[in-house]
Structures are given as structure tokens and as C-alpha cells.
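Inspection log for the structure reproduced underneath, given as C-alpha cells.
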There are 2 protein chains.
Amino acid sequence: MRIGELSNRSGVPVPTIKFYVREGLLPAGQLTSPNQASYDSGHERRLRLIRALLDVGGLSLAAIGEVLRAIEDPAQPVHEVLGVAAKRLTPPQRDEPGPELEDAREEVAELLERRGWRAEAHGPAGESLAEVIVALRRAGHGGFVELLDDYAAAAEPVARADLDYVGRRVAREDLVESVVVGTVLGEAMFGALRRLAHADASARVYDGDGAGGPGGDAAEGYVGQG
Amino acid sequence: MRIGELSNRSGVPVPTIKFYVREGLLPAGQLTSPNQASYDSGHERRLRLIRALLDVGGLSLAAIGEVLRAIEDPAQPVHEVLGVAAKRLTPPQRDEPGPELEDAREEVAELLERRGWRAEAHGPAGESLAEVIVALRRAGHGGFVELLDDYAAAAEPVARADLDYVGRRVAREDLVESVVVGTVLGEAMFGALRRLAHADASARVYDGDGAGGPGGDAAEGYVGQG
DNA sequence: GATTATGGATAGCGGCACTTTCCGCTGTCC
DNA sequence: GGACAGCGGAAAGTGCCGCTATCCATAATC
């Protein structure tokens, strides 16, 4: 397959493919003559993965590059790859530490203990959770933090489902790729489902049963996100 | 309060505050003389909201502007505001329609029916779910779509918790802001929790019980994201 | 043999979120 | 009352990011 066909199949413009090759996101084609190269279905697959992570997952090209290189390097332990993926999912925030962040970290640690989760409270995920808590408080919506346990309870079966899906993979590269895709695109999938569920819950509470629900008139119309 | 103090309190540089005012994200201060203005706690709160939506929520300034203007306009029905927030949460994708997207839309509609959700299958949330499904398939991970029902089941209690939190608000502006914050920051919160839960589930399966789990050696090390 | 596609290299572009610079005025401290 | 940092307002500049355009010599295709 030449670059034009690869472009047609993947929907990615030729100059963009060249650009990805230059950036090291996509291996160069096999040269058959000084200015002719051939690409295979592996290139196509890789290209689709890049676009999925970029468009739907919202990762930067730099983050995608790191993830892909980690996926490809067989010496890289699997958990390293996941660390990279996890770290790059959220942009590096790093605002001033301060006591608020310390408190939030403490709360994250308490949550983990409360739920008996075996996870590092100070890893990237714990850290970004702490940052979300701080942001909520700073924005004057600290009350939202009370939902942490409800959210955590919902996250458990999701994580189990993800693990189950990943567990069915055998080849290392497949497995790692599954985890990355699951982590990144799964987030987008859940987000969309959550918004759909909002619309339903809202319709159920404010719409269906006749008399308005807990929020009274003010909340009328919390629908239509579906 | 003058702009310097507002800057100190919020952690946002003075030129950036000026920039937000120019962009219409933040109302100008009350002029006390031709080149002196005073800002109040409302400005501070608004500023914190902007930074939360920007840094943690990952919204663009343009999207934040739309949301804020919708929040402020009392004529705007609440569900319109939510529509704006929901629409802007995911960047406008719009790739070629094609039959894959049609199939995915159909699946979304079926999911809604299966779960008895009262939500518009073709609204922004349904549409972005369909796009995620297409992206998963295109990336060669169509199997992940099998988890849709598990994800949907987990989204239900989350949506109920969100609604419950929002339902406690009375004032319109408070309510709308809660919904926006909950939708945007709640997504980040769940994402972090999900990654923590991954680490736990992985530790539980591959680490704790001695002999390796379903994935065998290949999956060793799906930990450390916490 | 004309047209089109290709690999490779370099330069340019448009959007975004600021940041810098400048101006003339003001509030404040000594 | 004089020095000086801070202010509001406007305009131009910056840095990064994800491409896109242009050019060249060569290769494939009709």
C-alpha cells in the first residue's frame, strides 16, 4: 500500500501522515526505491489509534508519542506504560501546593482506606483527584465533594469491567493497547453515558411524576442533554 | 478591592484578569475614577469558576464564555444552559457521517430503550457516545463496546447523586452553576476515581491472591496508576 | 511522453491563551 | 509635595500546537 491509499483508508490527509512520521508517531514505510515506500495494515491501525486518542481521548500529540513508544518497547514493564498513559491523560497542572492541596490529599488517602482500595494515594490518579477536590472548593462548590463516595462506588464496577475486558487479551502489545484505549476512550464513553443518565434522571424527577421534585420550579428543565 | 488584591486572592495574574475582562468572561470592575475600579467577592468567585472550568474541566475560554453568559441570562431556560455546557464539554468533532456512525447511533438508541432511559438519542450526549463507539471500532477495539451496559449501569447512580446535589440548590444562578460545575468537574472527579479503582482492581486480581489472574503473566503489573 | 503520485525537506499558518509594552493618571507613603 | 508603585485601557507580541503549503527530483500510471 502506498501513502495515498493509506490516506484514503484512514481518512488522514497525506501531509498529516508525513508529519506523524516525522514526529515519530508512525513508523516510516518500507522503502522499495529511493522515493517509494510501502505501508501495511499495521500502519493503518496505528493511524486509527492516533486519531482516536487525539480526537476522542483529547491527548496531545506529545502524550500520544510517549504512550506509543512505551507500548512498542517490550522492555518497558506494562505498568510503566499505564503510568505514562495515566499521567498524560490529565495535563500537568502544578499550581501552588498550599494547605488546601494537603487537605485534599489527606481526604483522598482516607477515601482509599475507607473503601479498602489498594492504590497509591499519591500517584498521578490520586493527585489529580486531590486537584479536582481543591478546584471544587475554590470554585465555591465544596459540597460536591460529598458525592465522592457515591462516585467511588460507581467506579468500582466500571474498573472491574475494564479489567475483565483487558484480561481477555493475551499478546502483550494487544493488552497494553487495550488498557490505553480503555482508559482514554472509556473515560469519554462514561462521560457521554453520564450526561445521558442526567437527562433521564432529570426527566424522571421533574417531568414524569407530575408534581415537581425536590428542587421545585427552579430546577424545571434540567433535561434535554440527551 | 483593587485589581492587585483580586489577583493575589485568586492567584490569577493581573494582565490575565484584564484579558478576561476584555474577552467578556469577567465583568469590569466598578469605576471609582477614570482609571480606578473596585472589584468584589463576586469577581473573585467568577474568576475561580473560570479557572476551575479551564484547568480542571479542560473547557476552552470560548466555551466558558458561552456557559457564563448563559448562566447570567435569566431569560435563558435552565435546560438551554445545560445544553450549552454539555455541547461544549466535548469539542465539536464532525467527521464524515458514513454508515458506521449510523450504526452507532442505532446502538445508542437501543441502549436507551433497553435501559428505559428517557433521553434524546440524537442530542449532544447521544451523539458523542456514538462517536466514541465509532472511534473504538475504528481503532480496532470494538470489543470494548460490549462494556456499554456495565458503564451505563454505573452511570445511573452517579447521575442520581448529581441530581440530588443539584436539587438542594434554590437560587437559579446557584443551581445552574452547580449543574455546570457538577457536569464538568464531576467528569474529572470520576475519571480520577476510575483510575484509582483500576489500580485497586488490578492489585486485587494480579497481585494479592498469589498466582496470577486471568491474563496470566502478560498482565502482570497492571497496577501503579494510583 | 504527459500526468499524477511519492518521499523528503523546509517554511508557513491559524488558533489559542496569554504576556508585554506603553500610556497617562492615581493612591500612598514619607 | 515629591517619589513611586499601582491602575485602567489599548495594542502588539509570544509560544505552543497541530497541521498545511510549497518545492524538488524521482517513480508510477495512462
Side-chain angles (χ1 to χ4, degrees), chain A residues 1-40 43-44 46-68 88 91-95, chain B residues 1-40 43 46-47 49-68 88 91-95:
Chain A
M1 180 183 357
R2 299 196 308 177
I3 204 173
E5 190 178 345
L6 181 59
S7 169
N8 283 337
R9 285 199 191 199
S10 62
V12 179
V14 170
T16 303
I17 295 176
K18 290 181 173 184
F19 168 72
Y20 289 165
V21 171
R22 276 202 307 283
E23 297 289 295
L25 299 180
L26 190 68
Q30 184 79 6
L31 277 180
T32 61
S33 67
N35 68 339
Q36 215 61 199
S38 82
Y39 302 83
D40 59 21
H43 289 96
E44 186 184 343
R46 166 62 57 93
L47 212 38
R48 292 181 192 282
L49 177 60
I50 292 171
R51 297 307 283 220
L53 295 179
L54 183 68
D55 294 340
V56 181
L59 296 203
S60 68
L61 288 186
I64 292 172
E66 280 189 49
V67 170
L68 292 178
R88 294 326 202 94
Q93 314 235 37
R94 300 289 121 239
D95 38 15
Chain B
M1 182 185 351
R2 299 195 307 177
I3 204 172
E5 189 178 346
L6 181 60
S7 169
N8 282 338
R9 287 199 189 200
S10 63
V12 179
V14 170
T16 304
I17 295 176
K18 289 180 174 184
F19 169 72
Y20 288 165
V21 171
R22 274 202 306 285
E23 297 289 293
L25 299 181
L26 190 68
Q30 184 79 5
L31 278 179
T32 61
S33 65
N35 68 337
Q36 215 62 200
S38 82
Y39 302 83
D40 59 21
H43 288 96
R46 167 61 57 93
L47 212 38
L49 178 60
I50 292 171
R51 297 307 282 219
L53 295 179
L54 184 67
D55 294 340
V56 181
L59 296 203
S60 69
L61 287 186
I64 292 172
E66 279 187 50
V67 171
L68 292 178
R88 292 329 200 93
Q93 316 238 22
R94 302 287 123 241
D95 38 15

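Computed from a prediction, not measured in an experiment: that's the story for all the values here. Every chain is numbered from 1, with letters handed out A, B, ... down the list of sequences.
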Answer with yes or no whether B/Arg22 presents, from its side chain, a donor or acceptor under 3.5 Å of a partner atom in the base of C/dT19.
yes
Return the nearest nucleotide to the side chain of A/Asn35; candidates are D/dA25, D/dT20, D/dT29.
D/dA25
Winner on side-chain proximity to B/Leu54, out of D/dG6, C/dC18, C/dG7, is C/dC18
From CG (B/Leu26) to CG (B/Leu6), nearest 0.5 Å
7.0 Å
Picking from D/dC19, D/dG9, C/dA17, the nucleotide nearest the side-chain atoms of A/Arg51 would be D/dC19
B/Leu31 side chain, from C-beta outward: closest of D/dG8, C/dG7, C/dG27:
D/dG8
In whole Å, I'd like the distance from the CD atom of A/Glu23 to the C1' atom of D/dC17.
10 Å
Look at B/Tyr39 and D/dC7 and indicate whether a side-chain polar atom (N or O) is within less than 4.0 Å of OP1 or OP2.
no
Taking only side-chain nitrogens and oxygens of B/Thr16, does any of them come within less than 4.0 Å of OP1 or OP2 of C/dT19?
yes
Atom-pair distance (CG on A/Leu25; C1' on D/dC19), nearest Å
12 Å
The nucleotide from C/dT20, D/dC7, D/dG8 with an atom nearest the side chain of B/Gln36 is D/dC7
A/Tyr20 side-chain N/O to D/dC19 phosphate OP1/OP2 under 4.0 Å
yes
What nucleotide, of D/dC19, D/dG6, D/dA12, holds the atom closest to the side chain of A/Phe19?
D/dC19
Selected nucleotide, minimal atom distance to B/Ser33 side chain, candidates C/dG27, D/dA28, D/dG9
C/dG27
A/Gln30 side chain near A/Asp40 side chain, heavy-atom distance below 4.5 Å:
no
With sugar-phosphate meaning primed atoms plus P, OP1 and OP2, does B/Pro34 contact a base, only sugar-phosphate, or nothing at under 4.0 Å between heavy atoms?
sugar-phosphate
Between atom CE in B/Met1 and atom C1' in D/dC7, what is the gap in whole Å?
15 Å
When you compare the side chains of A/Arg46 and A/Tyr39, does any donor N or O come within less than 3.5 Å of an acceptor on the partner?
no
